[in-house]
Amino acid sequence: MKFGRANPANFDYEGKEENATLRESGNGFKRIMSRSRITEEDLEHFRLEIIKEHKKKHSRVLLVSAILFLCFLVLVSIFSF
């Protein structure tokens, strides 16, 4: 009988498909981390990816803020009459 492992954080990937993010990151991050040294080119790639993700987050925050502001304006206009 198999009762599993004592540490639930450890599990096998055998027979399971990797999700899309693992496949995508396998080409970049895992390949870079498997090498003994990180080059300037790799650091620049990381920096550009971080900047791209921050821009995405900022645009989402701006969009949500605009929607909330418009809802606030609608509520104020409804209750002002």
Side-chain angles (χ1 to χ4, degrees):
M1 255 191 206
K2 289 187 178 182
F3 292 110
R5 294 185 177 164
N7 187 356
N10 294 333
F11 55 92
D12 293 327
Y13 284 107
E14 296 173 1
K16 297 181 181 177
E17 290 184 27
E18 294 182 17
N19 61 19
T21 56
L22 286 177
R23 279 194 304 268
E24 290 171 6
S25 67
N27 296 335
F29 185 72
K30 287 182 183 179
R31 178 182 50 84
I32 290 169
M33 296 310 291
S34 67
R35 293 185 283 180
S36 61
R37 294 185 182 185
I38 297 176
T39 63
E40 290 292 326
E41 190 176 292
D42 297 332
L43 292 175
E44 182 66 20
H45 177 72
F46 285 144
R47 189 181 72 78
L48 292 175
E49 288 296 317
I50 289 170
I51 289 171
K52 185 172 81 172
E53 289 300 316
H54 279 290
K55 284 183 180 179
K56 256 197 240 183
K57 284 183 182 180
H58 289 299
S59 63
R60 288 180 192 151
V61 168
L62 182 63
L63 180 66
V64 169
S65 299
I67 290 171
L68 289 174
F69 184 71
L70 289 174
C71 291
F72 177 73
L73 287 177
V74 168
L75 288 174
V76 168
S77 66
I78 288 173
F79 288 119
S80 66
F81 291 113

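Side chains are part of it too, since the values below use all heavy atoms of this structure and drop only hydrogens, waters and symmetry mates. All figures in this text were calculated on a predicted structure; none of them were measured in a lab.
- In summary, of the residues considered (His58, Arg60, His54), a side chain to side chain contact (heavy atoms under 4.5 Å, CB included) with Lys56 occurs for Arg60 alone.
- With values rounded to the nearest 0.5 angstrom, Leu62 atom CG is found 10.0 Å from Ile67 atom CD1.
- Rounding to the nearest 0.5 angstrom, the gap separating the CD1 atom in Ile78 from the CG atom in Leu73 is 11.0 Å.
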Discussion item. Show, in sequence, the C-alpha distance, side-chain angles and deciding distance for Val64 and Leu68, and conclude whether the side chain to side chain contact (heavy atoms under 4.5 Å, CB included) test is met.
Written reply: CA-CA 6 Å; Val64 169; Leu68 289 174; 4.1 Å; yes
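- Heavy atoms of other residues, nucleotides or ligands lying less than 6.0 angstrom from CD of Glu40 number 12 at most.
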